[in-house]
J.: 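Right, I'll just put the structure down here and ask away after.
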Amino acid sequence: MILTDSGFLWNKFTLRSLLEISTDHSNLVREDVCRPRKTAMINTRSDCNAPVWIYLLSLSSFLAGALGFVGYLLPNLPVPPSLMVAPDGSLALLLGGVLFTSVLAGKRGWRLTSGMILLGLSAYSLLHNVLAGEHGSGDSLLTTGERLATLPASCVGLLGIVGLLGFGSRMGRVTAAFVGLLGISVGVYIAGMLLNDYQSDGRLVQIAGFKLVSAVFCSAYGFFLVVLSKKSEMVRDCLEKRSAIIGAIGITATFILLIASSGVSHLERHQIARYLANHHAAMLRHDMAAAFRLIDRLANRWVALEYRVPAPLLETEITRYFSDAKSLRGLRVLGPSGRHILDQSKTAEDKGWLQKQLLRPESQRQAEALQSGHASFVWLLPDQDKPLHALLLLAPDGGGGSLFVAHFDLEELLPSFADASDRGFLVHFASDHSISHPEEPSGHEHQEELYERVLVDSASSPPLYVHIVGGPVSILSPEGVLVPLIIVFGLLVTYLLIKGQILLDARTRAVSALRAKDDRIQSLFYQSPEAVFELSIDGRYLAVNDIATSITGLIEDNLGEVTYHDVLCSDNITESDYKRFDQAFKKTCQWPFTLTHFWPIKLTH
């Protein structure tokens, strides 16, 4: 309301911009006599969910790719191989993150560049696979690591095509939707198959070149390609710098926590496997020593009897030896003159095997060395087809060149592996010529996620090793459930932090806009050359500018107490004008406020 020399002038703009109407019953202030009109603001709610999750996917893709390269360059990094992908796959993940980030940022050059590189990587892998055939090494010429298999390379190529086409045209959106649905199908199917065979034979399972982590990214890429095919324009300019920084910090912290927890668990499993390997090696060493003492006692007793063992005693001893020592498969005794004193085996097959092994040059050479007194006993593992079938050759003291030959099946000496199998480990023994990894394994170069080997250094025996391998931990175990929990928790916390920052930025802009508007109103109120009043809903003066004060004589103490009834009297306004003003004011103060006309009021001095 503006009071001038010619009278009061009211209009809709004045009511909306200058008149604040309040009540005695509440501290709420209605700043607008008309209902506020909704204005366009930056996306802060559900329409920003997709961009936030796409950004989280991009960051996760960056870090997963970087982890693959770091694990390849630092093979002793204590990170489970199940969390890493091959170098070519890491490159594809990095480029995929660039592609999705370029869509969010509206960077056409980034999108085209990442699309071309992805397409080139796919074409190289497919061509190399075709030329190398089934007998190729599987190594990539680009990174010297494992090459992409045909199916992953095809998926990478399709993603590159989407990057080149973009989402601006109908063809690009249709292609993105098709590739997305295909990626979801492939990723979900492969992930299901991998989870089903997660503990298969203690090795890292791959299906069609996919690990579990790459299958998860394949399905996630596919899902968000479908989303972008429908709302690619809505995802742009939703994330500001501070939101992006918070997201990067959150995902990085999640990956650091994931690597730390997985690394600690991985090292702990290595220590347990090493302990079990040493335990089983010690047990086998003890059993081999006990088997030697068993044959040694028999030999010394027979030498003391000068091999004149009564038939009943001989039969009883041999029967008890074969029944009590289950690993003993055969026994042959050669007297001083080379005559056969005893030739007994559990089965005809065992007897034939023993005869065949004694004819081997190595066996004959060792037998001659024992009979000549160069050694007292020796263990042999002569048969590569039966690497754990051992010969114990023993020359007793005072035997005069006699020789005891015992055939043992070392598998019967092996201790129970219940503790190892309960922890997801597979334990087996192997002789020197049956070792699949001749060098001490290190890093992430083997198919097993965990590998330990211990030498059974039994006296006078050839190299014999205890091998323990372990695949990824069960997803239902405490160690296995920790990884998905960290990932889910980290993603949710980062998502909430980004959304909170988006809302905070929107509120800050809104407050700044309101403050600017209030400053304009205050400037107009106090610096206006006209008299301006602020009235409550019951007609009391709440604020007046200097011009109004000079006209009405109102001072600060009168505000909130004096009404327009006290000011507009017969001395300065006609009765008809007063009634018109009073009726219009009361009508205006009724909700919803409506005022579609203005009127002049004559003010007399």
Side-chain angles (χ1 to χ4, degrees), residues 54 57-58 60-62 64-69 72 84-103 107-167 169 171-191 194 206-226 228-229:
I54 292 174
L57 172 65
S58 301
S60 302
S61 184
F62 281 132
L67 179 62
F69 276 119
Y72 178 72
M84 300 188 300
V85 296
D88 280 16
S90 299
L91 178 60
L93 287 177
L94 289 172
L95 293 171
V98 173
L99 192 152
F100 280 98
T101 304
S102 65
V103 174
K107 302 293 185 180
R108 184 172 179 270
W110 295 6
R111 174 174 57 79
L112 293 176
T113 302
S114 59
M116 286 189 291
I117 299 177
L118 284 170
L119 197 58
L121 176 62
S122 171
Y124 159 74
S125 300
L126 292 174
L127 181 61
H128 198 158
N129 290 339
V130 172
L131 296 178
E134 298 180 356
H135 304 291
S137 64
D139 293 337
S140 171
L141 297 178
L142 298 176
T143 59
T144 69
E146 185 179 353
R147 190 170 61 249
L148 289 178
T150 300
L151 183 57
S154 301
C155 294
V156 168
L158 291 174
L159 182 61
I161 292 174
V162 172
L164 292 177
L165 293 178
F167 301 90
S169 64
M171 178 182 293
R173 290 190 294 271
V174 171
T175 303
F178 170 76
V179 173
L181 293 174
L182 184 62
I184 293 173
S185 303
V186 172
V188 170
Y189 175 76
I190 296 293
L194 289 171
Q206 290 191 32
I207 297 180
F210 277 96
K211 285 185 177 181
L212 182 60
V213 61
S214 52
V216 170
F217 272 106
C218 179
S219 56
Y221 280 177
F223 175 77
F224 285 111
L225 284 178
V226 174
L228 287 172
S229 67

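Keep in mind that this is a model prediction, so the values were computed, not measured. Position 1 is the first residue of the sequence; numbering continues from there.
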J.: With a 6.0 Å cut-off (strictly less than), is the heavy-atom count around OH of Y124, excluding the residue itself, greater than 12?
T.: yes
J.: Find the distance between CZ (F62) and CG (L95) and round it off to the nearest 0.5 Å.
T.: 9.0 Å
J.: Quick one: CD1 on I161 to CZ on F178, what's the gap to the nearest 0.5 Å?
T.: 10.0 Å
J.: Considering all heavy atoms of both residues, which atom of L165 and which atom of G172 are nearest to each other, and what is their separation?
T.: CB-CA, 4.0 Å
J.: With a 4.5 Å limit on heavy-atom distance, are the side chains of L225 and F100 in contact?
T.: yes
J.: Inspect the surroundings of CZ in F223 and state if more than 12 heavy atoms from other residues, nucleotides or ligands are less than 6.0 Å away.
T.: no
J.: Can you tell me how far the CG atom of L94 sits from the OG atom of S114, to the nearest 0.5 Å?
T.: 11.5 Å
J.: If you compare all heavy atoms of I184 against all heavy atoms of S219, which two are closest, and at what distance to 0.1 Å?
T.: CG1-O, 3.7 Å
J.: For A220 and L57, which heavy atoms make the closest approach, and how far apart are they?
T.: CB-CD1, 3.8 Å
J.: Atom OG of S61 and atom CG of L99: how far apart are they, to the nearest 0.5 Å?
T.: 10.0 Å
J.: Taking S214 for the side chain and F210 for the main chain, is one N or O donor matched with an acceptor at less than 3.5 Å?
T.: no
J.: Report the distance from atom CZ of R147 to atom CG of L121, rounding to the nearest 0.5 Å.
T.: 11.5 Å
J.: Does CZ in F69 sit with more than 12 non-hydrogen atoms of other residues, nucleotides or ligands closer than 6.0 Å?
T.: yes
J.: Taking all atoms of both residues into account, what is the closest heavy-atom pair of A177 and V226, and its distance?
T.: O-CG2, 4.0 Å
J.: Search all heavy atoms of L164 against all heavy atoms of M116 and return the closest pair with its distance.
T.: CD2-CG, 3.4 Å
J.: Is it the case that the side chain of D88 and the backbone of S125 share a donor-acceptor pair, with hydrogens and angles ignored and the cut-off at 3.5 Å?
T.: no
J.: Would you compute the distance between atom CZ of F167 and atom OG of S229 and round it to the nearest 0.5 angstrom?
T.: 7.5 Å
J.: Do S154 and L126 touch side chain to side chain, with heavy atoms closer than 4.5 Å?
T.: yes
J.: Tell me the closest heavy-atom pair linking W110 and S102, and the distance in Å.
T.: CB-CB, 3.5 Å
